[in-house]
Structures are given as structure tokens and as C-alpha cells.
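I have placed the structure first, in the form of C-alpha cells, so that the comments after it can refer back to it.
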Amino acid sequence: MHPLPHSLDQSFRTAEDQQVIPSMPPIPTAELHLHIEGTLEPDLAFALAERNGVELPYATQEELRAAYSFSDLQDFLNLYYALMTVLRTEDDFADLTHAYLARAREQGVRHAEIFFDPQAHTARGVEIDAVIRGIGRALDAAPGTYGITTRLIMCFLRDESAESALETFEAARPHLDRIAAVGLDSAEVGNPPSKFREVYALAREAGLKCVAHAGEEGPPAYVWEALDILGVDRVDHGVRCLEDEALVARLVADRTPLTVCPLSNVRLRVVDRLADHPLPAMLDAGLLVTVNSDDPAYFGGYVADNFTAVRDALGLDETTLRTLARNSFEAAFLDEETRAAYLKEVESWSRG
Ligand SMILES: Nc1ncnc2[nH]cnc12
Ligand SMILES: [Zn+2]
């Protein structure tokens, strides 16, 4: 009997001898699909509400947690945008990011590529400079304090206009040295990637990488648009690609990574149960799949929790877990030397 490699538990007591033996460390991973606003835990939300004099429509953290039952993506987004109104100052964004990094370290994250949603803050009167400086301060400290390398990905809200995305890109121009890539998130259906072709062209011209949420709730046609019109380097979610054989063949041929988020897919009812998740089918099809946490404060777990959950629900063996971890570093926006060092860590990881 082996200790669970991905357990958050600090120790493990064997049934046989009642000895406490340390649990094995979680598998080293790159987290590539993580919304920093989606890491806002109830305790920090209440602390920031108090600090900033924001009134929350929940009396207690338990009451807030009780609202974490979602019928679909939009139902979740309503709460996600409402709760992030506690984030107002540069310090708030720094505190939020530090809290995530501390948890990520415990979960085996060695490299994190972090989304943020500037329009969700500028629409409330928060300066984009405060958002980027606050997150940036924590990211600057990440290698030294947490042993984690990072990249920052600026997302456009696809249910806002193309003009608003262009204005946001221009407002962020003074900070482009801090931004590795642009992304596209929020309500997918009815907001196809093609709506944002202009701002993605500008981003690419500026030397940024490009990613986009596609094929979460939206159809395979949105994944095609993300590839052919936006020229994305990775697809976020992409689980619905399996409905289109030619699309799967294209993704496999190009080795385009898909950042899959299993616990998110269950909580947002993209799949009914984790046991029905298409992750094994995606791996069997030869897709470059990674496992990520999306909005872990809302969906019941961080990245190692997602690994544990899919291992248990889908019966993934150690070889498959290692493949998923290796994929995460292959899909990351890393220089080759750093990538090779992380891949070595994956190979030497052991469940004990
Ligand atoms: N899962 C998700 N899909 C789309 N937009 C999001 N914003 C935060 N989480 C998201
Ligand atoms: Zn997401």
C-alpha cells in the first residue's frame, strides 16, 4: 500500500502499523490554465471586503461556499465577477497572487502560466496599472519565495466588444514586457474567436504568444477558428474537439496542446461525472493534453487535487500521470534549458 502522491495530507498512517510516514511529494507540473481571480478563497474574499469596505451579500464564509453550485459556465461567471469586486488595490492583487503561489508550491507546481481578466477590473474603476503591478510584484518574488517560474497571460472577455479588447490591449502596452501571451475567456457560446481577430493580430505583431478558451461549452467550429483565425499556440479546454474527427487529426498533427480542467468540467456541467470525462479518449487519440485547475477556489481543488481526482475516477496509472506532467512542460512557454530541467524532475519523481 502506497501513500497517495497527490494528497494534500501532510502524512499518511498505514493501517498495518499505525506509523506516521511522510506522504510522497505531488508530481511536478506546469499549471497552464489558471485564472488568478478564480483562486480567490472565501477567507481572503472576506478579509479584502473588510479592508476595502465592500459589502458582500453573504454573512459568512460558509454561506458563500454554499453558493458554489453551478448549473453552467454563465451561472459560475455571475458569482466569479461579483466576488472579485473585493479586489481594488495593487496590494490586493499582490496578496491574491501570493496566496495562489503558496498553495501551488504545496501542489507540486514548478511553473505557472497565469490568466488575468483586466476588463473585469477596469470596468469597476480599477486601473490596469494597479492590476498588473500587483500581480507582477508577486510573480517577481515567485522563483525566490516559492521556487516557481511564471508567465502572465492577459485575457480578453469575449462577451465584451472587439473594441473593448483593442482598448485593453493598448492600455496594457506599457506593460507588455510583463505579459507573455493573450487569451480569451468568459461566456463562450455566441462569442466566437473570429470576433477578436484584430486584437490577436496586434498581439502576435508585438511578439506575444496566443491562447484562447475554445470547445468548453462552444462547438468544434470555435476551436477551428481559434487555430485558423487567431493562430493560437494552445487551446484552453478544447474537450469538445472529440466531436470532430478532422479537428482531432489537425490538433494531433500540429501537437497543439489542450489545457484540460477536469474538476471545472464537472462543476460547470460540461461532463456529468468525472468517471465520464473524455481525458482518456483524448490521450488515446494522441492529443497533447494537460491537466489544470481553472478556478480552483470555486471548483473544489488545485492542480494536484485534479490529478488525484482523475487518477481515482478514471483509473489512470503512474505512466499516464507522468505523461500528463511531461505534457504540461512540453506545452509551457519555456526556454529549452528550463524545460529540460523540469522534464528531468518529472522523470525522477517517484510515488515511493
Ligand atoms: N472556465 C472558464 N471558462 C471561461 N471563462 C472563464 N473565466 C474564468 N473561468 C472560466
Ligand atoms: Zn478557464
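As the structure is a prediction and not an experimental result, all values here were calculated from the model. Atoms within each ligand, like the ligands themselves, are counted from 1 in listed order.
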Exercise for review: State, without any angle test, whether Q107 and D305 hold a side-chain donor-acceptor pair at a distance under 3.5 Å.
Suggested key: yes
Review point. Would you call R65 and E62 a salt bridge, taking side-chain N to carboxylate O under 4.0 Å as the test?
Key: no
Review point. Closest approach of V126 and R88, non-hydrogen atoms and distance?
Key: CG1-O, 3.6 Å
Exercise for review: State, to the nearest 10 degrees, the angle whose vertex is the Zn ion (ligand 2) and whose arms point to NE2 of H213 and NE2 of H33.
Suggested key: 90°
Review point. What atom name does the N, O or S atom of H35 nearest to the Zn ion (ligand 2) carry?
Key: NE2
Review point. Which one of D295, D185, V270 has a non-hydrogen atom at the shortest distance from atom 8 (C) of ligand 1?
Key: D295
Review point. What atoms in ligand 1 come closer than 4.0 Å to a heavy atom of F76?
Key: 8 (C), 9 (N)
Point to revise | Proximity winner for atom 5 (N) of ligand 1, if only heavy atoms of S186, C261, S264 are counted | key: S186
Point to revise | Short side-chain to backbone donor-acceptor contact, R110 and G147, under 3.5 Å | key: yes
Review point. At under 4.0 Å between heavy atoms, which part of E37 makes contact with ligand 1: side chain, backbone, both or neither?
Key: neither
Practice item. In plain terms, say whether R234 and E113 are close enough for a salt bridge, that is, a side-chain N and a carboxylate O under 4.0 Å apart. Key: yes
Check your understanding: Closest non-hydrogen protein atom to atom 3 (N) of ligand 1, residue and atom name please, with distance?
Key -> E216 OE1, 2.8 Å
Exercise for review: With heavy atoms of L77 as the reference, note each atom of ligand 1 found under 4.0 Å away.
Suggested key: 6 (C), 7 (N)
Review point. Looking at the Zn ion (ligand 2), which N/O/S atom of D294 is the nearest one?
Key: OD1
Check your understanding: Should the pair F156 and F196 be assigned to parallel (<30°), tilted (30 to 60°) or perpendicular (>60°) ring geometry?
Key -> parallel
Review point. Any N or O on H33 sitting closer than 3.5 Å to an N or O of ligand 1?
Key: no
Review point. Do the charged groups of R204 and D233 touch, with an N to O distance under 4.0 Å?
Key: yes
Revision key, fill the gap. The protein heavy atom nearest to atom 1 (N) of ligand 1 is D294 OD2, 2.7 Å
**Study point:** F299 vs F76, ring-ring contact (aromatic ring centres under 6.0 Å, His included): CA-CA, chis, key distance, verdict
**Key:** CA-CA 10 Å; F299 299 153; F76 156 69; 4.8 Å; yes
Check your understanding: Which part of E188 is near ligand 1, with near meaning a heavy atom under 4.0 Å away: side chain, backbone, both or neither?
Key -> neither
Revision key, fill the gap. For H237, the atoms of ligand 1 under 4.0 Å from one of its heavy atoms are 1 (N)
Point to revise | Distance from atom 7 (N) of ligand 1 to nearest protein heavy atom, with residue and atom | key: H35 CE1, 3.5 Å
**Study point:** Under-4.0 Å salt bridge between E225 and R197
**Key:** no
Check your understanding: Does ligand 1 have a heavy atom under 4.0 Å from the side chain of D117, from its backbone, from both, or from neither?
Key -> neither
